[in-house]
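Working notes, structure below.
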Amino acid sequence: MIASDRPRRRRGAATLLVAVALTGVAACGDDENAPATAPAAPAATAPKRPPTITLNASAQAKDKITLEAPAEVAAGLVTLALKNADSRPREAQLVRVAGDQTVEQVLEIRESEDGGATPDWFTVAGGVATVAPGQTAKVTQTLAPGTYYAIDAGKDGPLDNPKIPSYARLGATARFVVTGPETSGELPDAQASISAREHEFEIAGLKAGRNQVRFENTGSEPHQAILFPLLEDKTAADAAAFLESERPSGPPPVDFRGATGTTALEGGTEQVLELELRAGKYVVVCFLTDRKGGKPHLAKGQVAEVTVG
């Protein structure tokens, strides 16, 4: 289950990061058919791969759940890897703060269900959505300079049960600082894409199996993309009605266990991630609210149906 199954107000999704620099290898080649007087062909240099920043998720006890990150990371294009050594699914939503705000302040905003405005100091900044036990998942994105918290908002039980503490409340948070000048880089190629904006999705290229997906927020509000497999004969409209309801009746029209998706991104940002999908129909939704508050984007029509073949 991803951390954004049915939240009323999700500040950083579910779904869900020790730096190792990897460099490309320069390859040189000369044109064998060129005359002897011709200048040598210029060397072709493979692009450098971004450094990998690893987050480690583990648990020392049922009530002591951890998420570890390096204390400092260089700004720019990075690959974030969430290594899950726990026996339960884990995630790492990134939140960038504008000052010396504490993790407690971040969690208060992250867990709020009142539909109120998001303070200016709080910025959702991508990360890695849900990773199965014993697995590692990666995303590639740009990190701007600043102070970040990685947060795992999962729970051992229903996400909407306030009596069950989140993993973040049990210790699954990590603070790190991104330093240096603000730089950018080119994201790796992806065969599929999900574009989100107010309040719709554009989806292309998803196939059964392992997908490299470019997730881009082209809007001005924060967005996420959560994919639920639709059960037989059910539609996106059925799923939207069920997910919007405070007290849904009857069996769900979606397979919650097969849910997957992205973390939350602010407008104008993007990342490349991997999604494992099986063939069939999916409903794609965004549970976030506008920064000024109000209804979840799901309730504003940010719902799409896509067939994965």
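Values below: all heavy atoms of this structure, side chains included; hydrogens, waters and symmetry mates excluded. This chain uses plain numbering: 1 for the first residue, then up along the sequence.
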query = With a cut-off of 6.0 Å (strictly less than), are more than 12 heavy atoms of other residues, nucleotides or ligands near CD of Glu232?
reply = no
query = Looking at Glu202 and Arg197, does any basic side-chain N land under 4.0 Å from a carboxylate oxygen?
reply = yes
request  = Count the heavy atoms of every other residue, nucleotide or ligand shown that sit under 6.0 Å from CG of Asp100, and state whether that count exceeds 12.
outcome  = no
query = Can Glu274 and Gln212 be counted as having a side-chain donor-acceptor contact under 3.5 angstrom?
reply = yes
ask   = Checking salt bridge (Lys or Arg N to Asp or Glu O under 4.0 Å) for the pair Asp255/Arg278: CA distance, chi angles, key distance, verdict?
value = CA-CA 12 Å; Asp255 176 11; Arg278 63 175 186 257; 2.9 Å; yes
task = Find out whether Glu305 and Val283 are in side-chain contact, i.e. whether some heavy atom of one side chain is under 4.5 Å from a heavy atom of the other.
result = no
remark   = Scanning both residues in full, the closest heavy-atom pair of Leu94 with Ala150 reads CD2-CB, 3.7 Å
query = Does any donor atom in the side chain of Ser58 or Thr66 lie under 3.5 Å from an acceptor atom in the other side chain?
reply = yes
key: Ser245 side chain vs Phe242 backbone, donor-acceptor pair below 3.5 Å   = no
query = In the single-linkage hydrophobic clustering (I, L, V, M, F, W, Y; side-chain heavy atoms under 4.5 Å), do Tyr167 and Tyr149 co-cluster?
reply = no
Asp152 side chain to Ala92 backbone, donor-acceptor under 3.5 Å = no
message = Does Glu186 have more than 12 heavy atoms from other residues, nucleotides or ligands lying within 6.0 Å of its CD?
response = no
ask   = Where do Phe228 and Phe256 land on the ring pair (Phe, Tyr, Trp, His ring centres under 6.0 Å) test, with the steps shown first?
value = CA-CA 6 Å; Phe228 297 98; Phe256 283 109; 5.6 Å; yes
task = May I ask you to decide if Gly127's main-chain N or O and Thr263's side chain share a donor-acceptor pair within less than 3.5 Å?
result = yes
Glu270/Arg214 salt bridge by N-O under 4.0 Å criterion = yes
ask   = With hydrophobic residues grouped by side-chain heavy-atom distances under 4.5 Å, do Leu77 and Leu143 end up in a single group?
value = no
query = Just wondering, more than 12 heavy atoms not from Lys138 lying within 6.0 Å of its NZ?
reply = no
key: Ring geometry between His223 and His297 (parallel below 30°, tilted from 30 to 60°, perpendicular above 60°)   = tilted
task = Using atom types as modelled and distance alone, determine if a side-chain donor or acceptor of Glu198 lies under 3.5 Å from a backbone N or O of Ser220.
result = yes
inquiry  = Could you report the tightest heavy-atom contact between Ala153 and Ser166, atom names first, then the distance?
reply    = O-CB, 3.9 Å
key: Minimum heavy-atom distance Gln135-Val131, with the two atoms named   = O-CG1, 3.3 Å
query = Roughly how far, to the nearest 0.5 Å, is the OG1 atom of Thr130 from the CD atom of Gln93?
reply = 11.0 Å
query = Charged N to carboxylate O under 4.0 angstrom, Arg88 versus Asp86?
reply = yes
key: Within 6.0 Å of NZ in Lys155, more than 12 heavy atoms from elsewhere   = yes
key: Lys295 with Asp290: basic N within carboxylate O range, under 4.0 Å   = no
ask   = Looking at Arg169 and Glu111, does any basic side-chain N land under 4.0 Å from a carboxylate oxygen?
value = yes
message = Is there a continuous path of hydrophobic side-chain contacts, each under 4.5 Å between heavy atoms, that joins Phe215 to Val272?
response = no
task = Check Leu67 against Glu91 and note the closest heavy-atom contact, atom names and distance.
result = CD2-O, 4.2 Å
request  = Check whether Leu82 and Ile65 end up in the same hydrophobic cluster, where Ile, Leu, Val, Met, Phe, Trp and Tyr are linked by side-chain heavy atoms less than 4.5 Å apart.
outcome  = no
note = Closest heavy-atom pair, Pro50 versus Thr79, reported as atoms and distance to 0.1 Å, is CG-OG1, 3.5 Å
query = Honestly curious: do Leu231 and Leu277 fall in one hydrophobic cluster under the side-chain, below-4.5 Å linking rule?
reply = no
query = Considering only heavy atoms from C-beta outward, does the side chain of Ile226 approach that of Val284 to under 4.5 Å?
reply = no
query = What are the two closest heavy atoms between Ala264 and Leu288, and how far apart are they?
reply = CB-CD1, 3.6 Å
ask   = Looking at Lys292 and Glu221, does any basic side-chain N land under 4.0 Å from a carboxylate oxygen?
value = no
